[in-house]
Amino acid sequence: MINKDIKEAIANYKPCENSNCKCHEDVINQDLSPFKDGINKEQFDIAVTRATKYQIIDGKLYRQKDCHFPSRCTGVEHYLVALAPKLPNMELAINTRDWPQINQAWGRQKAPVLSFSKTKEYYDIMYPAWSFWEGGPAISLYPTGIGRWDKHRLSISEAAKKWPWSEKKNQVFFRGSRTSEERDALILLSRSRPELVDAQYTKNQAWKSDADTLYAPPASEVSFEEHCKYKYLFNYRGVAASFRFKHLFLCKSLVFHVGNDWLEFFYPSLKPWVHYVPISPKANQEEIIKYIEYFQQNDALAKEIADRGFQQIWDNLTVKDVRCYWRKLLKNYANLVKYEVKKDIDLIKV
Ligand SMILES: O=c1ccn([C@@H]2O[C@H](COP(=O)(O)OP(=O)(O)O[C@H]3O[C@H](CO)[C@@H](O)[C@H](O)[C@H]3O)[C@@H](O)[C@H]2O)c(=O)[nH]1
């Protein structure tokens with residue numbers, strides 16, 4: 001069954017074009033399609049009540065004074081300041097919370113909020129998360145917050161060289177906090193089958209007692225580079241998508257991606273069975289064991305998927321791709337705006 005799924009996926013796979021962030025272009029088209037008849041002032045006014053207001057006027061970037069998460073705003077502004085001189089005048093409602101804002105199923109009126117992550121239920125328009133530059137989760141190993149994707153690309157891929165496939169431990173590895181109960185099955189499996197799985201909960205800011213780490217003391221945190229020692233790495237959603245996904249591929253380990261609802265802009269460029277192993281969030285411990293054992297018994301196949309996953313991220317999620325995505329997104333967005341953007345004197349220059 002797994003064998004057949006892999007064969008079919010590989011046979012149907014058409015690599016995307018590795019230039020000008022083309023691998024991610026469809027996501028821009030899809031996210032903007034609900035606004036194809038244009039974006040009017042009323043829609044923007046709704047959007048901005050749920051986000052931080054930005055304007056680009058005569059090539060310069062402006063922002064409302066308060067920002068809910070200053071380092072997240074800085075992470076976003078790193079790209080916008082650089083792109084502003086080449087962009088037309090526009091205004092944007094950028095949500096820096098984890099959670100997207102405009103859920104269709106809850107009957108929310110259509111409004112153009114930009115968010116880093118969403119499911120198909122939301123009208124939110126995805127933008128590259130702040131953490132490509134700064135403002136990601138602050139853990140003990142990254143006290144100022146996870147960021148600098150440019151540096152992580154180099155340091156993690158160097159660690160992958162130190163731990164080539166044949167040297168990696170034949171074990172599953174996961175470290176992270178209990179931001180979603182979907183992670184419990186793997187943590188419990190690790191407790192009953194420690195030789196197969198090393199998965200433990202760490203603390204986050206919300207941690208109060210061992211109950212928050214599923215009745216075990218919190219584990220010490222482990223750097224992304226150290227993850228490269230293991231053949232199999234698990235990715236889960238958290239509150240929304242989790243930032244760890246892109247980093248895991250850089251180890252040239254086999255990535256198991258649990259659930260496919262929560263997206264960031266680059267997720268659709270990664271294909272199940274071609275670049276990673278898809279796992280249902282409902283998979284119980286026996287099912288998880290079945291997948292792990294399959295790949296332990298089909299080691300060459302596991303390595304092939306791991307190598308393809310690495311290459312896809314290495315080639316198509318560069319800093320240049322992130323900049324290119326922002327540029328295309330904002331140009332296409334500006335083309336849809338139907339009202340005249342007037343400079344808001346309450347905003348501050350960034
Ligand atoms: O030992 C560890 C533990 C965590 N991490 C990394 O730290 C980050 C945070 O991990 P975790 O505590 O598991 O939180 P997540 O659930 O992955 O992310 C949460 O935090 C993000 C920023 O607030 C949100 O965007 C997500 O939706 C939310 O679920 C991730 O990139 C992890 O890979 C490590 O590198 N080593």
Side-chain angles (χ1 to χ4, degrees), residues 1-6 9 141 156 159-160 162-203 210-238 242 244-260 270 272-310:
M1 187 66 181
I2 299 177
N3 207 3
K4 186 167 158 273
D5 287 341
I6 297 175
L141 298 165
I156 305 171
K162 266 194 242 156
W163 297 96
W165 187 260
S166 58
E167 303 281 316
K168 289 183 198 287
K169 288 191 195 175
N170 207 359
Q171 213 182 13
V172 168
F173 188 75
F174 177 83
R175 284 292 180 283
S177 60
R178 196 171 180 235
T179 47
S180 153
E181 288 171 17
E182 286 179 9
R183 302 172 175 191
D184 288 358
L186 192 71
I187 304 295
L188 293 172
L189 181 56
S190 169
R191 292 177 191 173
S192 59
R193 297 282 307 272
E195 80 296 350
L196 192 66
V197 179
D198 178 353
Q200 297 179 52
Y201 278 136
T202 55
K203 259 187 197 178
D210 285 356
D212 295 324
T213 27
L214 209 55
Y215 304 98
S220 318
E221 288 158 350
V222 174
S223 70
F224 287 124
E225 290 77 11
E226 296 282 305
H227 283 57
C228 298
K229 288 181 187 166
Y230 300 85
K231 273 193 183 171
Y232 315 107
L233 300 176
F234 266 60
N235 184 61
Y236 288 91
R237 62 165 289 193
S242 158
R244 63 168 55 66
F245 197 32
K246 58 183 180 296
H247 301 90
L248 301 183
F249 288 99
L250 293 178
C251 277
K252 290 196 180 177
S253 299
L254 182 63
V255 177
F256 288 67
H257 181 42
V258 183
N260 57 6
L270 296 157
W273 301 118
V274 177
H275 302 115
Y276 65 83
V277 178
I279 304 271
S280 162
K282 296 196 184 92
N284 59 27
Q285 296 184 43
E286 286 71 42
E287 285 163 319
I288 295 174
I289 292 174
K290 188 188 80 186
Y291 284 102
I292 303 166
E293 288 183 343
Y294 175 85
F295 285 104
Q296 287 186 330
Q297 287 152 17
N298 293 274
D299 191 63
L301 197 56
K303 182 176 183 303
E304 273 174 35
I305 299 174
D307 285 346
R308 267 198 304 268
F310 168 85

*Asks:* Quick one: sort the His257 and Tyr276 rings into parallel, tilted or perpendicular, breaks at 30° and 60°.
*Replies:* perpendicular

*Asks:* Working to the nearest 0.5 Å, report the span between CD of Glu225 and CH2 of Trp163.
*Replies:* 13.0 Å

*Asks:* Quick check: does any side chain N or O of Glu182 sit under 3.5 Å from a backbone N or O of Tyr236, one acting as donor and the other as acceptor?
*Replies:* no

*Asks:* Of all the heavy-atom pairs spanning Ser223 and His227, show the shortest one and how long it is.
*Replies:* O-ND1, 2.7 Å

*Asks:* Is any side-chain heavy atom of Leu141 closer than 4.5 Å to one of Phe224?
*Replies:* no

*Asks:* Quick one: CD1 on Ile292 to CD1 on Ile279, what's the gap to the nearest 0.5 Å?
*Replies:* 8.0 Å

*Asks:* Inspect the contact between Glu195 and Arg193 and indicate whether a charged nitrogen and a carboxylate oxygen are less than 4.0 angstrom apart.
*Replies:* yes

*Asks:* For Phe249 and His275, I'd like to know if the aromatic rings sit close, meaning centre-to-centre distance below 6.0 Å.
*Replies:* no

*Asks:* Just how far is it from atom CG of Asp198 to atom CG of Leu189, taken to the nearest 0.5 Å?
*Replies:* 11.5 Å

*Asks:* Checking Phe173 against Val222 for the side-chain contact (heavy atoms from CB on, under 4.5 Å) test, could you report, in this order, the C-alpha distance in whole Å, the side-chain angles of both residues, the deciding distance, and whether it holds?
*Replies:* CA-CA 10 Å; Phe173 188 75; Val222 174; 3.8 Å; yes

*Asks:* Which pair of non-hydrogen atoms, one from Ser253 and one from Cys228, has the smallest distance, and what is that distance?
*Replies:* OG-O, 4.2 Å

*Asks:* Considering all heavy atoms of both residues, which atom of Ala302 and which atom of Leu254 are nearest to each other, and what is their separation?
*Replies:* O-CD1, 3.7 Å

*Asks:* Under 4.5 Å between any side-chain heavy atoms of Leu233 and Phe174, yes or no?
*Replies:* no

*Asks:* What distance do Gln285 atom CD and Leu188 atom CG have between them, rounded to the nearest 0.5 Å?
*Replies:* 5.5 Å

*Asks:* State whether the side chain of Arg244 and the backbone N or O of Arg175 hold a donor-acceptor pair below 3.5 Å, judged by distance alone.
*Replies:* yes

*Asks:* I'd like to know whether Val172 forms a side-chain contact (heavy atoms from CB on, under 4.5 Å) with Phe256, so could you lay out the CA-CA distance, the side-chain angles of the two residues, the decisive distance to 0.1 Å, and finally the verdict.
*Replies:* CA-CA 9 Å; Val172 168; Phe256 288 67; 5.5 Å; no

*Asks:* Quick check: does any side chain N or O of Glu287 sit under 3.5 Å from a backbone N or O of Asn284, one acting as donor and the other as acceptor?
*Replies:* yes

*Asks:* When you look at Asp307 and Lys252, which way does the side-chain contact (heavy atoms from CB on, under 4.5 Å) test go after all the steps?
*Replies:* CA-CA 6 Å; Asp307 285 346; Lys252 290 196 180 177; 4.0 Å; yes

*Asks:* With side-chain contact (heavy atoms from CB on, under 4.5 Å) as the test, pick out the partner of Lys231 among Gln171, Lys168, Lys303, Glu167.
*Replies:* Lys168

*Asks:* Would you say the side chain of Ile187 lies within less than 4.5 Å of the side chain of Arg178, judging by non-hydrogen atoms?
*Replies:* no

*Asks:* Where is the tightest heavy-atom contact between Ala283 and Ala185, given as atom of each residue plus distance?
*Replies:* O-CB, 4.1 Å

*Asks:* Taking all non-hydrogen atoms of both residues into account, name the closest pair between Ala199 and Ser190 and its distance.
*Replies:* N-OG, 3.0 Å

*Asks:* What I want to check is whether the side chains of Trp165 and Asp299 have a donor and an acceptor closer together than 3.5 Å.
*Replies:* yes

*Asks:* For the residue pair Phe295 and Ile305, establish whether any side-chain heavy-atom pair is separated by less than 4.5 Å.
*Replies:* yes

*Asks:* Would you check, one step at a time, whether the test side-chain contact (heavy atoms from CB on, under 4.5 Å) holds for Tyr232 with Val197?
*Replies:* CA-CA 9 Å; Tyr232 315 107; Val197 179; over 6 Å; no

*Asks:* Looking only at non-hydrogen atoms, find the nearest pair between Ser177 and Arg183 and report the distance.
*Replies:* O-NH1, 2.6 Å

*Asks:* Among Asp210, Asp212, Asp184, Thr179, which one satisfies side-chain hydrogen bond (donor to acceptor under 3.5 Å, both in side chains) with Tyr201?
*Replies:* Asp184

*Asks:* More than 12 heavy atoms of other residues, nucleotides or ligands under 6.0 Å from NZ of Lys169: yes or no?
*Replies:* no

